[in-house]
Each structure stands twice: as structure tokens, then as C-alpha cells.
Amino acid sequence: MTRYTSATPGDRDEMLAAIGVDSVDDLFAQVPEPLRLGKPLALPLGMSEAEVFERLSALAARNADAEEQVCFVGAGMYDHYVPAIVDAITQRSEFLTPYTPYQPEISQGGLQVMFEFQTAMSELTALPISNAGLYEGPSSVASAGYLAMAATGRKRFVVSRGLHPHSRETLETYAVGYGAEVVEVGLRDAETDAEALAAAVDGETAAVFLQSPNFLGAVERVEALGAAAKEHGALLVVATDPMTLGVLKPPGEQGADIALGEGQPLGNRLDFGGPSFGFFCATEEQIRRMPGRIAGETDDVDGRRGFVLALQTREQHIRREKATHNICTAQALNALAAMVHLAWLGRGGYRELGELLLRRTAYARERLAAVEGVELLHGAPVAREFAVRLDAPVDRVLERCAERGIAAGYPLGRDYTEYEDGLLVAITERRTKAQIDDLAEALGAAVAAEAGEFGITEMQKSPVPGEASR
Amino acid sequence: MTRYTSATPGDRDEMLAAIGVDSVDDLFAQVPEPLRLGKPLALPLGMSEAEVFERLSALAARNADAEEQVCFVGAGMYDHYVPAIVDAITQRSEFLTPYTPYQPEISQGGLQVMFEFQTAMSELTALPISNAGLYEGPSSVASAGYLAMAATGRKRFVVSRGLHPHSRETLETYAVGYGAEVVEVGLRDAETDAEALAAAVDGETAAVFLQSPNFLGAVERVEALGAAAKEHGALLVVATDPMTLGVLKPPGEQGADIALGEGQPLGNRLDFGGPSFGFFCATEEQIRRMPGRIAGETDDVDGRRGFVLALQTREQHIRREKATHNICTAQALNALAAMVHLAWLGRGGYRELGELLLRRTAYARERLAAVEGVELLHGAPVAREFAVRLDAPVDRVLERCAERGIAAGYPLGRDYTEYEDGLLVAITERRTKAQIDDLAEALGAAVAAEAGEFGITEMQKSPVPGEASR
Amino acid sequence: MIATETPMQRERTQTIYEKSKSGRRAAVLPAAEVPERPLEELIPAELLRAEPPCLPEVAEPEIVRHYNRLSRRNFDLDTGFYPLGSCTMKHNPRLNERVAALPGHARLHPAQDPKRAQGALELMWLLQESLGEICGLPHVSLQPSAGSHGELAGLLLTRAFHADRGEERTKVLAPDTSHGTNPASVTMAGYEAVKVATNERGGVEMDDLRAKIDEDPDQVACLMLTNPNTLGLFDENIAEIAALIHEAGGTLYYDGANLNAVMGHSRPGDMGFDIVHVNLHKSFSQPHGGGGPGAGPIAVSERIEPFLPRPQVVRRQDGNGSGPVFGLDLDRPKSIGRLRGFQGNFGVFVRSYAYILSLGADGLAEASETAVLNANYLKARLAEGRAGKRLPVAFDRHCMHEFVLSGKPMKKELGLATLDLAKRLLDYGFHPPTVYFPLLVEEALMIEPTETETKESLDAFAEAIERILAEAEQDPEVAKSAPYTTPVRRLDEVKATRRPVVRQPL
Amino acid sequence: MIATETPMQRERTQTIYEKSKSGRRAAVLPAAEVPERPLEELIPAELLRAEPPCLPEVAEPEIVRHYNRLSRRNFDLDTGFYPLGSCTMKHNPRLNERVAALPGHARLHPAQDPKRAQGALELMWLLQESLGEICGLPHVSLQPSAGSHGELAGLLLTRAFHADRGEERTKVLAPDTSHGTNPASVTMAGYEAVKVATNERGGVEMDDLRAKIDEDPDQVACLMLTNPNTLGLFDENIAEIAALIHEAGGTLYYDGANLNAVMGHSRPGDMGFDIVHVNLHKSFSQPHGGGGPGAGPIAVSERIEPFLPRPQVVRRQDGNGSGPVFGLDLDRPKSIGRLRGFQGNFGVFVRSYAYILSLGADGLAEASETAVLNANYLKARLAEGRAGKRLPVAFDRHCMHEFVLSGKPMKKELGLATLDLAKRLLDYGFHPPTVYFPLLVEEALMIEPTETETKESLDAFAEAIERILAEAEQDPEVAKSAPYTTPVRRLDEVKATRRPVVRQPL
Ligand SMILES: Cc1ncc(COP(=O)(O)O)c(C=O)c1O
Ligand SMILES: Cc1ncc(COP(=O)(O)O)c(C=O)c1O
């Protein structure tokens, strides 16, 4: 027996007798002899709970988390405060331990949460249909590609370079599978190049993919950019940050056919990148092509209100090779976390949070722009993240800031060779004015120190905050 | 509205109209004008959840907890590993948020837990009656005094100096109230002085108080010591450590009338000293004099098994000034934690844990005794805690160890002027052999450094571990 | 007819012991790592236990299931309305659980050198300061573990205070509406409990008070008062009461169980009280835990301060100017001494301090205001319709945070006892109010909605009462045999006391 | 007759939106601290939202109550037996939740410099190594987010593998017993799904397999197999199957949903599989969360390795001899690329690694052993009495960790469909088995007890089935109208699909 199993030697004997075999080995006889391992796995023996705890605590201690370093890193996942009720509710056994609600009578809790979540996401994006969540952001983008192919019968995607690099790469990975072509359109002063986009979209284009705010933080003119898609009958797919939709015009009001994105900012912790969830909303037209679970409202035999998995005929367990997607296990618990967070914020709080991010981000942007050796990478409007250029090697500056306990941002050079000197700085409600001031100070000091060390010539700086631009 | 209240301005208006007043102030009119505060409290304004979290995290960060320092401090509370299921279960709303089970039909969960807990504590102590828990250890000792007075009609307590100093002091505090006299009996080589005890007990003695293992860690010969109590018709009250009763002869088998103690080691975290609980077990004879809640098994109208608060006629809400005790709100959740921990250990695990403590403690004791400048304070048998003497000022040695990340023990000089050079060292299953070795190393180095600094002459040390004694 | 009781309703409960099977277990322990010496080498054989105690033998999955299933047999505040009078069943924020669980709090040893526990001591000091401000009294001890412990402390302080002046007094007065812990504490502190009558406005009957004092003013040690009292009424004569007691040389003790009515509006210190206990598990949102843990800090006036329990958390200005240092003051020669081990229920302090920070001066005042508004609204709702007739309010004036109804007409006219109404409420999904207390109201129902309930909850509760009364007019047997929907129904409490079975025979 | 339904059973459910009232809220936000500039100064007016989205307006206490009450409308593994076949509903240790919640894990930003995330990367590397050992394959990518994602990854790897050799193949074979995700993944990866028949022993029909291969061996990209398969049977011909596929030049894909049967006993790599996905939310105790999160790491053979997704966690020996350094390898020229953002479901990795550490080599083998024992015992119990007659096992041989019964005789003889039996089980407090899958078994019931169930649970389940059948012999209507004890009963699923209402109109 391990601590999680209960079969005592006595139980075993009784059970074996009932089965009519002498030993458990007899049951494994169906495994051909040469395929039986016949020796223990080359893994350590089991450990006590306290030892496992210590071991994993020791590993965790070797990570510099957002408690240890003030975190200005975003790039799709953000250090928001997750309210305590989110944990309390998601850790309830009744939500934590069941599986997909195949038996609606005993799954009304989970099903209703899905329905509420769908309502909330539909509200956020201003699109009428939402599923109950997909794995996470970038793979949701790829799923939109699959949908667009089915909807249009076309196999060509036009993608803005402002789309998250992980999303672009994931889309390409999937596209190799389902046989689509991906065409990228570049940026101009951090915004998608409208002309190039218009030129790239044609009658073979299944979908146009935009992101707003885009990876550089710029709020895109989605509606204008989307015109090209409309013109050629391609779907307009818009990735977005769900924390910005209290203040930014939602994709559904800008002509998007599909709005999707990484759900982490809503109630999910950073977790080194997962689990979180992807949200996926669309127009009525796409309802029967949607990927993932969808809960629907209905009645029971007594006329009582209830919820079930709706439109299951789209899904793999019914339609197999003809399913609209292969997804099965998704991210229900993460969607619950998002729903609780949204309910906690409420209409007013959600709006205010969006405003708070906008204002603090504007402050931070101006504050940083005023720092010697730091200038704005673009002047486009931003919501909660912005990009700067540094007059010193970004990695070295980051290292210096890290030593001061600040994770200063995301180095754009990781994904954009054209922005080797770029740093992406993200703001959440946890980043106080004082921390922003510290960041400015630290960046300035780091750039100066590096510049001193490497003899980089100082550049002329615009002295007035806000006027800095390239 | 705060975030925890719901009355919108509209609600308020409707409610005031229903009440028939114009404003809430009208309701406060019953408070005489001069007694109305008329200004805000001199406290800060309310803060957001994230801010409160940060504020309290910052305070917590200024404490050196057992995660930061390897903890050899005991003295009644111990750094045991609390299994994860304890938290999961005690944090369930259904256990966390109700109050005392006055309505048994909707409180069967809590009542049954009390019943199970009583069974387990009765087993541990080998006494037939247990209550459902009191506040904590020392005040339980004082409560035993109150019971003993009622049981014997006498007003004199004889107390071993081996009883926890907090227990002795608390007993004295209470005794001033209920008008009893406390007589203390000293120790001899760390064990209660049997002769002095026999001499102190007389026909006016209501109870004799012992502790085993006592404060210096020594396992007392309770039965022999208790003879004096039996002889004079006094109750024998034994405080004990509930983590040792898997291996040590329980109080009930040594003639105790009452066994009690601090419950923290069972499933409760350190929490800087509370909340935990006190357990309190007794002979059948005392059942109607017991303090605190007691659950009892019974049937309902349909003959179904159930549990209720039994023997309520002892309690303050029924008997008022004639109650056996004044306790009302106790420590139900902490008792639940203990019960879950005990179920998790199970009969086998509980025994093994006791053995583990014994063996590791023996190892630690020998290891330390072999250190230059450290010698055993006593040679009495010990279970999980032992005392040494240091050849250097204890405070300074502790400070040096602390700087190395070790909380080396409890300085006996805090409570015993006769042991100014004494250090009490506690072992739990979390203290590994490697940590014990580190402790030995650190103590040795610290004593040597202090001795060097203060020019204390080195003493002759017995080189053979285990033979060290005074 | 097919039963519609859920499987959990139907099941005969088993204890964890009954699920035990020899050899099963949840715990795996670390290896000893040290020599496996026979125990007899370490402990004399006669001090060793022969047989380990009987504990359940169950693997982890079944432990979790057992306690999860048991938990579902509880009604709780996070599930429904819980208007248990005098208990302030207000919302328990999960934020507080989160901060209490931080390792810097949860794994801090109580004997840690104060130098390395500055955060904890500062938190305690800040809580002391906050409670002092709320109570209008300059000094606070956090040590008492609950309200009743605070009461005992207050009486011991009173004794020490008088002893210090060379006096020894014997009597403690308390109104007949007082909570059971008050007289029980009086006895435990070695005093004689003297009951004071209640007047027709629900306050202290001044003539009776005067009479009780005048009997022998020198013997009056203290008057214990709850204000607003357990009827939910603020005593309009409080200033005069205080004057009378002080004149007689007694102390005035404030049972703070009802502080939730007046936070930020009126302060016991300003009313003339010398000693106040605060129930952190009531006014300051510590979860009730099924009957604890709580904490009962006491706030006291200047003249009582020297006698406060030790240790006391103090703030000192450090010599080297590097800011304040927090310490545990043990050197208190006049102190009554310790009331318990270590420093009190620190985990409770963390939660309550988080609550005070969350609400702040504005939020606390608003909380009391809404508590009073909710209570008066529910009272008004229950003054309508059937409830108004069958369940009149005991004292007809505006209440503070709670109010008391009398089920006397209901009993007379419908044959329904307050207990029956309470049991029937269970079927409607509500926790019943406190019943049969205070004692001077016949068939009492004591209702405290708290500020964290919505108007909708209050309305639903009023409607349930109305429906139960309507039902009873048709057929009183419905309520008299209630509840019907709970896992067990009307348990035999007499049997449990006459032939108590308080542990499982194994 | 007085209803004995509990208030929660009776209540008409309301959504959180229906509990909303304008102006209420739970959140208080920090002050902005920075100038309150008009938004139009920051964002062009035409990009601003006119009206904030409609979100519920509810204070915290009601949010907690709402979701707590909803949670009670779920059946869960921590409350009862959940023998949902193919899903491995084993105990979810709380220890795993605890370690996942450590701030060093939970608040670690995924883009953190690897240098400052060494603990996380080492954990991932250790998990990779452990899964590789368990699967008998040398390389692991943790990236896939669930089983179906792993399947897609496996097929993309297959495509890359063939492309690298200049081949392009079009067909993927899978038995008719395969899970729905298999063919769905095949289509999504741009292949054609080809079904292979099942033989009378429940394994792959070898003749059909050969025929399907021989049709056009060059087009066979892959065979996807679950082994033991969804009938709970180990394919005795696996060696030959592997040889046939490899001979044709295809890859062999192992759907690891049933790995729980063979951990430490038999390894897919040793069986000849090239690519394996592991469902961490099945075999490795990640809680199912009501439908996720999970993770579907893949283990692959040497020849597949170059194509693994990027980034890959790698261990490097540091130049300066100070021990290994862990990194994210992006420089993988042949890689199929990313399957998702960042590094995968790290929180799930923490839990599963904690589980592997807890059980160890010995515990994992014991878990599989007990899983197989429990399944065979329950199968034996259900071969007795009424169940034995009405619900025969689909393939009568020893099973591995699960087995499939057929309700065909029950339907014919008693008029009871498998669905009716499932619904009636709800009244007995059990989660029903997986029903109507695998498709080739008529009226299928797929039962997987897992190793963490007690013999008592298995017995109770067998007895419930027996009683339901006995009941049905008396009156089949009882089951046909079941359940009776749930908050809702037999919901109209057709309506929900025909006229879908998938969000609340506001
Ligand atoms: C009025 C009153 N006084 C005193 C107490 C005793 O407080 P505690 O239960 O915290 O000991 C209570 C509550 O139970 C009470 O309601
Ligand atoms: C046999 C089998 N294959 C594949 C899957 C798909 O796995 P997932 O749900 O993790 O995508 C499942 C489970 O749902 C399964 O049972």
C-alpha cells in the first residue's frame, strides 16, 4: 500500500480469490513476457509528504518570482493580484476534482459556471458567442485558423507582426498540419502596416489576424485594418488582452469575427506560463464551428432550469474525424478562476481597473522616457504595456536591474531582431508609483553604468516627457 | 458600501422607508448625544485587498519563521509538518464558518468531528472522558484546578516545577481569582523531587500537578509521584505532550485523574503561539464537572444515529453562575485539525512518529553532548526534547546560531534562574540528521567563539557520547 | 413512492473509526536516518506504552472523503443566512485566511527571540492601538482567548485593582439579560453574582441597580454590562449607571460581544467603562470555526493598566534612532500574570488586523451603520403580517444591530414553540436565530442579521417566517415535526445527557 | 405530504448576473496615485469603449455564497466513487496543491530569465526524465496542454519525420475502439483517418490491419494505439503490430490515457512505440478541475527527437564546474515549432512531479498493480448475480485497469438503457461509468475504479448495480425516470443544441 491506496494484504487475498487468480501477476499475464519490465523503474523510492514538500520548496526557492523581484515583465502574462476568494473557490473539492460535466444532473455547478463565463466573455469582447475556454492564448489563435479554413474553404492566413510571437509561431506549427499558408505583414511605428496588409489580403485569404494591444503594447486601429478582410470575405480574428476591455473598444465593435486571447490576466496566477486558459468568442454565424465545450441553458423534465453541454455534435467524442476541433480536456478550473475574478471586480471595478492601468502606464511611459539613455520605441497609444529603447545592451541592463530586485521588462530582441535594443514594460495594479519611480531610477543607473563601461556615446534626449518619440 | 456590504443607496432608501425613519442617524438616536463619537476614528481609511496583502506580507517578512531558520525551539509548541489535507479540510467553508453546533440537525458534521476527536484523545491519554477542547495548554491546567476544587472541596494545589512555566503562572493567576493556594515542588536532576512532593501534599490538597515529559524534557515517573496524591485523596493532574503518547505510558495508565495539555503538535501550525487548543481528559467520575463542550451520540426521532452537545447542564448558557466553567467559544477548528492529523497518521503512523522522535532525539542528545563546551543538563530519559548546558552565555550562542540560520533552542534562563546556562532543544520529524549535525557544529563553533572572546576556561569533556552527564 | 432524499441525507453516518481497517494509513514518515536502537535503551521499560492507542487506519482518499462528507452535514455562513443573535455572523473574508497562512506568520515559533519577530510584534502592537482607538480606551492586552476569557481577565483585573487599594470586594452585578458567561466568569473569579432587573424600555432598571448597590456599596466590585445589550438596545442611562458604579468604587465592565453595533459611532471608554472585551470572532470577522478559535482582547483605562496580564507588547524607541523596536514586557510587577501560554491567538490577530486595515475608519463605521440598518429593516419587515401578530418584538423601539422577538403569542395561539419555528426554518434553508435567550423574554428569538447580508436575504427570511406561520395556521403539526430535509431530525438530547456516550467504544 | 427535498434541491438556480444590483461590488482598487488625466488624452476617442461591459455587481459575501452553493451542485471525487472509464479518476493529493501554490512557482513569470528560474527548469527537466523512464523513451517534451494536444503534436512530429526523409504520407490508422480525440487529431493534422477493426479478443484485428497497410503502405504515416485499449485490454499482438507499422515506414503512436495500467510494469517504448502522450491529469493525479487543466507531455524515440517542439528544457554542464545549468533550447532547426505560448502547463508539472516523488518507483508500480487488481475484482463482483446476466462483460478475459460491460441484455430483457442505469446510479450516490463508449460495444458501460478506491467502495458499487437491476425487474420505470434526488433531472439536451442559449441575455 502507498498512502493513497487501501488494499491491505487481507483485502488482496479476498479480491484475488474473488477474481480466481493466485496473484496480481496472473492479471498481468496478458502483457507478453518480453514486454514486462521485470525490474524497478530507475526512479527514487517514494518519499514522505514532508520530504516532498521540502524538496519542492527548495526548487521553488531557486526561482526569482514576483514576490522576490518587482515584476514589470508582461508579454502576454501579467502579475495581477488574484483575489483570495478565487483560490478559496477553485480549491473547493467540488470544483477541483470532478471531470467534464457529462452527467448534467450532478454537474450543474460546473455547467452553470461555464454559462456565466460565456456570458462574461461575450460581454467583454462584444461578440455574441463564447465557448467555455481553450488551452491558452497562442493555441487559440491556431484554433481560429482551423475554424477560418472550415468557414471559408480557404487556406491562407494574413498575420500582423504585432501578433504575439508565440501565437505566430503556433499558428505556423498548426498550419503545416492542416495545410495552410501564413503570410506576415510588418509594423510601422509599432502599428500594423495598413497598406501592406491591404496588399496581402486576397480572395484566397481565410483570415486576417491582428492583436490589439499588439505585442509592442500599441492599441491598433482594428476596424480600419479589418476593412481589407471584410472586402475579401476573410474572417477578422483579433487577439486581445482581457484586462483592457473595460476601456478599449472591444473587438466585437470593430468588426471582428473572432476575438480571442490569453486568459491569464483574469484570475490566474503566473505559474511560469500555465495553466491558464484561452478565451474564444465569435459571431452567431460561427456557432456550429466553434472549438471547445459550450454550456447551454435548458429545462429538465420538471421544467426546472438547468444547463448542459450544448452543441456536442461539434465535438470529437461525437463526431470523431469530422469534429470541429480535437480538444477534450480543456481548462475549466482556470475559466472558473476568471469568472470569480470578474464577478469580484464587477462592472465598476473592471472599468476602473482598466482606467488605472491606462493612467499608471501613461505615467510610467513618461517617467521612463525622461530617463537619460531611455527613449520610447514608439509613440502609438498604449493601454498597459509599452516599449522603450535603451542606449546600452538590454541584457546587461536587465541584469543590473535584477540585482536590484527589479525584473525590468521583456527584452524585445528575443523575438524581434529589429528591436535588439527594445524593452517591453508592463504595468499592473500591483505596480505602485513608487515602484515605477524605482524602475526609472534603476534603468537610468544601469544604462549609465553600461554606457560608462562600454563608452557608448550619449544621445540627445528630448527633455520634455511625452514628447519623446523617434 | 464596503466590499463586504451590499446596501446600495437605493436599498438604503427603501429600507429606511420601511423602518419609517429618514436616516440611519435616527436609529442611532438612542445613543445619548454626548456619547456619540461625532468624528471619524483615528485609523487609516480602508485599503484595497492587494494593499492589505502587501502590508501584511511586509510585516510577515520581518519575522524569522521556521522556513527561514531551522527550528529547534520547542517549549510546548513544535515545528511539526502539518499535512496538506489538514488545511484543505479546515479551510472548507462548512467547517470554517459556522458557530457552535446549537442546532444539531444542521451541525452533524461538526458534532461528529467532536465525537471522533473525543474518542481519539481518550485513546491517547487512556482516560475514558474527553471534552472537545479548551483554549490551549496552560489555561487548561488552570481549568483543572477549578475542577479539582469542585471535586474535592479543597483549595490547595501542589505543583511540580517541571510543569511548563506558563502553566504554573496561569494557574497562579486563576488561583487568585477562585481563591486557591499554589505550592511548588522543586526538581532533582530534572525530575520532580519525590520526597519534597510527598511532604507537600496533605489532606487539604485538591490536586497535584505534574508534567511528563516535563519542561526540561524529562519523562517523569508519574505513577510513583502520584502516590502521594492518591494517599491524600487529591486529584492527580498530568500535563503531557500529545506527540509522545505513541511510545510513552499514557497518564491514564499511571493513575492520572486528569490528563491535559497543549494540542498544537497535533495538526496545528505554530502561529506565533495560537490559536491551538487544549485537550482535557478525565475519569468517569469527573464527567459532570468537565469544562467545555462535549458531544454525545444519540438517536433522532426516526431512530437515526446522530450527535448533540451533551451534558449542557454543566455549561454557562444553561447554568450561568453555577456552571462548571465559563468557557463558551473554544477552539473547534483546531480540534478538527488535530483529528485530521491523527487520522492521517493512523495507529501505525502515530506510533512510528513517536519512535522516530525518540530515536532522533537520542541521536541529537548524544551528538550535542559530544560537542566541546556543551554538556547535558540532566541524564533523565527524554522523548523529544532535552536540555544542555553551554560553556558560554546562552544568548550570545543563540545569536551566533541565528546568524547561521538556526534557531538552536529555548534559553532556559528565561524561566529558571537556576539554569541560566541551559538550552532546551526540541526535535520534530522535520529536523533531519543533517540539520542536527549542523546544529552540533554551529553550537560548537559558537561556544568556542564566545569562549575565545570572553576567555572562559575550557572544561574537561567526557569524550564518549552517551556517557556525558553531570 | 420513490424517495427523493439525497444519498447523503439517507446514509447512516459512520465515524472515521468505523471506516478503519488494520494496516491502512495515509502517512508515510521520513526514515529515522539514525540508529534503530530498541526503545528500552532510551526509556525505562515501565515508562513505555505497551499498545499504541487506537487511532483510525484509513488511507488519505478516504480521510478526505470522510471529512468532506461530514462537512456537508454542516450549515455554514458561506452558504446561507445565519442570523444567530449575539454571535455577529458576518462575512469572513478569505483575504484574512491568506495573510494568516503566510509562513512568516504561520510558521513563526512563539518563543522566537523578539528581535526576530518584529513583524509579529508590530502587528500585535498595531492591533492593540486600533482596538484601543475603537474602544476609546488607552491600553489593550490581546491575551484572552475568547470573550469569556476576557471577562475572567476583567474580573481578575478588578480584584487586583481593588487589592492594590487595600480593598476586597465580593459582588459583581450584571443585568438579567446578561450572557451566561458573565455570571459564570463571576463565580470563577471568586465573586458573587448579583442580578439586576431590566426596565420596560429594555435597559437597566435604575431603581433596582441603586438598591443592589445601596445594599452594600463597599462590596460592589464591578458591574458587567453589554451595551447595546442582548436585547439589541442601547442603554439610555449609561452615563448615570457609570456614575453610580464609580461612585460606589466599582469598575464598569463592557461585554463587547455587541460592539458591532457602535464601531466608529460610540465608544465604551467614552461611556465610562473601565474594561472592555472585544470578540475578534464577532466584530472583527475571525471565522467562527464551528465553535472557535476566537480571541477576546481587553481594552482598559489608565487606572487598570498596571494590572494587565503579562507579557504586554510594547513599542520602544531604539536608542540608536533607527526606528521603533517592539518587545514583550514581562516586567510588570502589579500584573495579574499570565492567562495562558505565550502571546495569545496570534493567527486570529492577523485576520482581525487585516480586517481593520481593509475597512479602515470609514469602513468600520459603515459596517456598524449597515448592521443597525439591516436589523431595523428586518425588524420592520417582521412587524408586518403574521409575524407582527404572532411574534411581537419584545421591546418596541428602534434596535441597534439585533432585536428580540417573543414567540409567546405564537405558542398560545398556534401551539408552536419557538423551537418549532426554528426547526422549520431549517427546511427553508436558514440558520435559525438564537432561541430562548435572553431569558427574560418568553419564547425568545434573538435576530442579528449583520451588515454583510443583502436586503434580498432579509426579505427572503421574513417571507420564510411568514410562510411558516401561514402553514401553522393550517396545520401546526408541520412545524412541530420539522425539520424534514436534514440528515437527522430532532435528536434525543435528554438521552445524550442522561446516559452520555461521549466516545466511541472500540 | 411534506417535501423532503433539501432547500438546495428545490431552489431554482439563479446566475450570478441575476444576483447583480447596480452599484454593488466586491473589489476596492488601489488609488491610481498618478494624475487623473482624461482617457481621451491617452487613447484616441474612437478606440475607447463607450459603455463598460456588463459584469455582475455583487459584494463579496454573495459571490462566495453563489459559488459555494453552485459547487454543491457538483458531484466530485473527494466526495464519492467516480469510476468514469478512460479518465482515471484517482485521488488528487492536496500536497500537490500546496507545492504548486508556493510563490516560487505560482508567481514566477514565464519570461523570467532562465538564470533566475533554475528551480522551475530543473523541475521540468526532472519531470521529463521521470516520464521518459516510465515510458521507456529517451526524450520528452512537456509542452502539450492535454492528451489531444499531445496527439496533434505526435502527428505533426510524424509529418516532420517523414518530410525530413522526403516522404509525404496521408493516412493515419486507429482501431475502432480509439478515443474520439484520435481521429479528430488526425483530421486536424491534415491526415486521413483510417479505422482498423477489433478482433474477438478485444485487440487489433490483425488481418484488417494488414489489409489497411497493404492497401498502400507508402501512405501509412502512423498507427495510433491505446494499450491497454479502451476496453481495458492489453493487445497481445503488440510486438507484431509494431513490426508491421515500422516495416511500412510509419510511426507508432501511443495514446497514454491508459498508462495507469502499466506504470513500472511495461513501457510503451519497449513495446515499440515512437511517440507517447501522457495525461498528467489521469495517471499523475492532476485534479480534473471540472474539465481541465491538464497536460499531455510526449515522450519520443531517438529518431523523433530532432523534431520536438521548441523550446525544449535542457541540462547543460556549466563550464566552471559549479554543477548543471538548466536552459530553454530554442535553437532546434528541425523542430515542428511551438504548440502554445511559453513552456506549458507548469503548475500541472509541479503537481505531477510531486506525485512521482511521493510514490517513487515502488509506489508507481504498486499503483498500477492495485488499479488492475481493483478493476478485476469489480469485474468479478459484477459477473455475479443479476449484473452477470444483464450486464455481461464485453470481452471475457482478465482486464487491466478498466473493463467494459454491455447493457444489451438489460435493454432487451428489462427495457433499461445504459443511460437509465447511469441515471439511477446518481440516486445511489455514485458517479456513473463512462457510457456508450467504446462505440463497438452496444450499450457500453466503461468502468475504471482506479487504485485509490477501497474494496468497500467497489463492493458498495456492485451492490448498487445489483439493487438497481432488482428494482428494474419489479418496475423498470423507476430507473427510466431516474434520477430523483438531484437538483435537476433529465435535462433537455436536444433543445440546448437545436435552439442554443449559450449566454445570458442582459
Ligand atoms: C453577549 C455575549 N457575551 C459574552 C460572550 C462570550 O464570548 P465567547 O464565546 O467569545 O467566550 C458571548 C458569545 O458567545 C455573548 O454573546
Ligand atoms: C483514450 C483517451 N485518449 C485521449 C484522450 C484525450 O485526452 P485529453 O482529454 O487530455 O485531451 C482521452 C481522455 O479524455 C482518452 O480517454
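Proteins get letters first, then strands, A, B, ... in listed order; numbering begins at 1 in each.
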Distance-only polar pair, side chains of [X] and [Y], donor-acceptor under 3.5 Å:
| X | Y | answer |
| --- | --- | --- |
| T432(B) | E33(C) | no |
| S107(B) | R73(C) | no |
| T5(B) | E366(C) | yes |
| E116(B) | Q504(C) | no |
| T370(C) | Y4(B) | no |
| T170(B) | R338(C) | no |

Side chain to side chain contact (heavy atoms under 4.5 Å, CB included) between K423(C) and I106(B), worked out: CA-CA 10 Å; K423(C) 295 299 178 200; I106(B) 51 167; over 6 Å; no
Could you grab the distance from atom [atom1] of [X] to atom [atom2] of [Y], nearest 0.5 Å is fine?
| X | Y | atom1 | atom2 | value |
| --- | --- | --- | --- | --- |
| H398(C) | D26(B) | NE2 | CG | 7.0 Å |
| L29(C) | E352(B) | CG | CD | 5.5 Å |
| L42(C) | E355(B) | CG | CD | 10.0 Å |
| L333(B) | H288(C) | CG | NE2 | 12.5 Å |
| R3(B) | S358(C) | CZ | OG | 4.0 Å |

Below 4.5 Å from any heavy atom of chain B, which atoms of [X] appear? Answer side chain, backbone, both or neither.
| X | answer |
| --- | --- |
| M89(C) | side chain |
| L47(C) | both |
| A101(C) | both |
| V186(C) | neither |
| A111(C) | both |
| R381(C) | neither |
| N374(C) | both |
| E60(C) | side chain |
| R98(C) | side chain |

Minimum side-chain heavy-atom gap [X]-[Y] below 4.5 Å:
| X | Y | value |
| --- | --- | --- |
| N74(C) | Q108(B) | no |
| I134(C) | L43(B) | yes |
| R305(B) | T15(C) | yes |
| K322(B) | T187(C) | no |
| Y135(B) | N345(C) | no |
| R359(B) | L39(C) | yes |
| P44(C) | R221(B) | yes |
| I287(B) | P500(C) | yes |

What is the minimum heavy-atom distance between [X] and [Y], and which atoms define it?
| X | Y | result |
| --- | --- | --- |
| R360(B) | P30(C) | NH2-CB, 3.9 Å |
| P483(C) | E105(B) | CG-CG, 3.6 Å |
| N63(B) | Q118(C) | OD1-N, 3.6 Å |
| I43(C) | P381(B) | CD1-CB, 4.1 Å |
| A60(B) | H105(C) | CB-NE2, 3.5 Å |
| T181(C) | N326(B) | CG2-O, 3.3 Å |

Side chain to side chain donor-acceptor pair (under 3.5 Å) between N92(C) and T97(B), worked out: CA-CA 7 Å; N92(C) 304 137; T97(B) 68; 4.9 Å; no
Portion of L356(B) that has a non-hydrogen atom of chain C nearer than 4.5 angstrom: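 The side chain, not the backbone.
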Choice from K495(C), M188(C), K90(C), E493(C) maximising heavy atom contacts with chain B below 4.5 Å: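 Of K495(C), M188(C), K90(C), E493(C), M188(C) has the most heavy-atom pairs under 4.5 Å with chain B.
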Crowding at CZ, R36(B) (>12 non-hydrogen neighbours, <6.0 Å):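 Counting other residues, nucleotides and ligands, CZ of R36(B) exceeds 12 neighbours.
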Intermediate values then yes/no, side chain to side chain contact (heavy atoms under 4.5 Å, CB included), T13(C) and F307(B): CA-CA 10 Å; T13(C) 194; F307(B) 303 90; 3.9 Å; yes
Residues that A120(B) engages under side chain to side chain contact (heavy atoms under 4.5 Å, CB included), provided they are two or more places apart: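 Once residues adjacent in sequence are excluded, the partners of A120(B) under the side chain to side chain contact (heavy atoms under 4.5 Å, CB included) criterion are M339(B), L342(B), Y17(C), L55(C).
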For P103(C), side chain to side chain contact (heavy atoms under 4.5 Å, CB included) partners two or more places apart: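 With neighbours one apart ignored, the set is D65(B), E67(B).
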Taking only Lys NZ, Arg NE, NH1 and NH2, and the carboxylate oxygens of Asp or Glu, determine whether [X] and [Y] approach each other closer than 4.0 Å.
| X | Y | result |
| --- | --- | --- |
| E169(B) | R340(C) | no |
| E46(C) | K249(B) | no |
| R62(B) | E122(C) | yes |
| K455(C) | E14(B) | yes |
| E123(B) | R503(C) | yes |

Whether the side chain of [X] engages the backbone of [Y] through a donor-acceptor N/O pair (distance < 3.5 Å, no angle test) should be reported.
| X | Y | result |
| --- | --- | --- |
| E321(B) | A184(C) | no |
| Y353(C) | L56(B) | no |
| E297(B) | V501(C) | no |
| T497(C) | L311(B) | yes |
| E136(B) | G341(C) | yes |

When G273(B), S139(B), P275(B) are compared by non-hydrogen pairs under 4.5 Å with chain C, the top option: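 The residue among G273(B), S139(B), P275(B) with the greatest pair count is P275(B).
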Max heavy-atom pair count under 4.5 Å with chain C, selected residue of A407(B), G306(B), A343(B):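 Among the listed options, the one with the most contacts to chain C is A343(B).
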Mutual orientation of the aromatic rings belonging to H164(B) and F342(C) [parallel < 30°, tilted 30-60°, perpendicular > 60°]: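 Perpendicular.
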Validation row, ring centre F272(B) to ring centre H109(C) under 6.0 Å: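 No: the rings miss the under 6.0 Å criterion.
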Residues L35(B), R267(C); criterion side chain to side chain contact (heavy atoms under 4.5 Å, CB included); working and verdict: CA-CA 7 Å; L35(B) 300 182; R267(C) 310 194 301 176; over 6 Å; no
